[in-house]
Structures are given as C-alpha cells and as structure tokens.
Amino acid sequence: MITGGPETELTAVWARRTEAAQEIADEFGSSVATSFDDLLDRVDALVFAVPPFIQAELAAQAARAGKPMLLEKPLGVDLAQAEKLTQAIDEAGVATQVMFTNRFSPRIRGFLERARAQTPIGAVGYYVNQAALPGGTFATPWRVEKGGLLDLGPHVLDTLDAAVGPIVEVRGEGDPQRWYVLTATHENGVISQAALSLTSPVVADVAGVKVYTEQGELECEFVGKDGDPEAPNVIRREFAEVVRSGVSHEVDVHRALYIQRLLEQAAPN
C-alpha cells in the first residue's frame, strides 16, 4: 500500500525480529532500521502493523517524537491502553489516521451516504470466518486469547454506528473465542445486532452490514470479504494529506477510542 503510489515512500522498516524487517525491506526496496529510535529518526510518519499491546507502547513513543501515525485497530489490548495512548497523542499534538479499512472503500462510502439519507428501523451486522483456528493466517496470540470481539468487533460497530447513527449502549452475549453476539442501541432509538466469530468450523468468510429503512433495504459487504482494490490507494492518499496538513483524519485516534469504549461495554462480565 505504502509503495503503491507517488504520495508515500517506504523509507525504513523496523520489527522486533530483524529478519522479518529484512524480508519486507528486500521485497519493497527499503532498508532496515536498527532500532525503533533509529526508525523514528529516519521517517516523516509511521505506519503500524503490530499487535495492539505493542502498538500502544510504541505509538506513545512515536507521538512524543512528533510523528504522525497510521494506526491499527484496536488501539490497545484493553481500554486502559487505548486511553493512555490517546492521551499521549493529544499531549503531543500529532495527527493520526486509523485503519478502519471499510471507511476508505469508495463502495462502502457510497453505502454509508445512502444509509444516512434514509430513515433506519433496524440493522444487522456479521463477521464470521475461520481466521483464528489453529494454523489460520490470523491465529496470533492476542486474537486467539481475545477472540472476535476485539478483532472483528471494531469493524462491525464502526460501520453500524456510521450507517445508523451514534451508538449509546451496547451489550454482548456468548463466548468471544467462539461465537459472540452484540446488541446496540443507537441515539435515534434504533436497535442493531451483530454476530462475530474468528473460529467458525464451517468454511465461511462473510462480513457486512444490512440496514433496514423506511425506504427499503441497504447492504454492504466488507472490504475483507470481496476486496476493494481502490481502498489501499485511498488510505495512502488520505494519510499523505494528514501528514502534509498536520490535521487528523475523520477516522482518527478519537474515533478508535470511541469504538474501544463500546467494545469495553460489550465485553463479557
């Protein structure tokens, strides 16, 4: 994504394992930073692709160094980490953008525009796949431990919130490591629900949102299901503008913190 257009250049790569950084650097014609401090010295802005508990620590350090950031969701592995990171970013005054990937898809932006122009009566969301089963591409420790709520929940809640209206309350039921159901109440009184699973034993990869309105039915499938080749270009172009302008994106650290607070509400007791 970063090397796919003229707006940005992959100057340096750092990873906890040097060989992992070297592999990426070799593939994309970049160089390896010897440490995170070295990386900060060599770049204008940072793009994170690390587990949330690592991001929360390193992004705070990057904020103190004055670097704009493209952050992953969730911000941290829990709400306390997310709030601490947001405070560090606010104190440093750096600009941010967060990878709620669907929000950068022209197709889904069109869906959201149509949904906001209609009168909703209800909505359903779903994100079901096998990604965290043993041997799966995304069977990383934090996903296996925390399950679908922390990984898939941000995408679904963000889209429901953007399509139907601000969520004021959300509760969850089930087992996040297997099957978890969310019920959200929106500011306009509309109720929406969503099902999440990273460990479905059935071969499935379904993700999206349906909004039922007074005018009819609207549906979007998430970028992760059928792809949107334009989304990476939008992300890159808009992040480059964030860096140039010093003004955070609409989908920034505060949007991510808002969603993480909803996740905390929805977590099992």
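Residues: numbered from 1 along the sequence shown. Just so you know, these numbers come straight off a predicted model, no measurement behind them.
The backbone N or O of Val253 sits less than 3.5 Å from a side-chain atom of Thr96, completing a donor-acceptor pair. Proximity of a side-chain donor or acceptor of Asn102 to a complementary backbone N or O of His155 within less than 3.5 Å is not detected. Looking only at distances, a side-chain donor or acceptor of Thr199 sits under 3.5 Å from a matching main-chain atom of Gln177. The closest donor-acceptor contact from the side chain of Gln55 to the backbone of Leu75 lies under 3.5 Å. A donor-acceptor pair under 3.5 Å is absent between the side-chain atoms of Ser192 and the main chain of Gly122, judged by distance alone.
Side chains of Gln265 and Arg171 form no contact here, defined as non-hydrogen atoms less than 4.5 Å apart. Contact check for Lys67 versus Asp44: no side-chain heavy atoms found under the 4.5 Å cut-off. For the pair Ser200/Asn129, no side-chain contact is recorded, criterion being any heavy-atom separation below 4.5 Å from C-beta on. Considering only heavy atoms from C-beta on, Val234 comes within 4.5 Å of Pro106 through its side chain.
Going from atom CG of Asp252 over to atom CG of Leu71 covers 9.5 Å, rounded to the nearest 0.5 Å. Rounded to the nearest 0.5 Å, atoms OG (Ser105) and CD1 (Ile235) are 9.5 Å apart.
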TODO: Assess whether salt bridge (charged side-chain N to carboxylate O under 4.0 Å, His left out) is satisfied between Glu221 and Lys210, documenting all intermediate values.
DONE: CA-CA 9 Å; Glu221 293 183 337; Lys210 287 185 179 181; over 6 Å; no
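Using a 4.0 Å cut-off between charged nitrogen and carboxylate oxygen, Asp161 and Arg255 count as a salt-bridge pair. Of the charged side-chain nitrogens involved, at least one lies within less than 4.0 Å of a carboxylate oxygen, so that Glu238 and Arg109 count as a salt-bridged pair. A salt bridge is defined here as a Lys NZ or Arg NE, NH1 or NH2 lying under 4.0 Å from an Asp or Glu carboxylate O, and Glu250 with Arg103 meets this definition.
In terms of heavy-atom proximity, Leu40 sits nearest to Gln61 at CD1-NE2, 4.0 Å.
Here His249 and Phe100 keep their ring centres 6.0 angstrom or further from each other.
Side-chain N/O atoms of Gln260 and Asp78 include no donor and acceptor closer than 3.5 Å.
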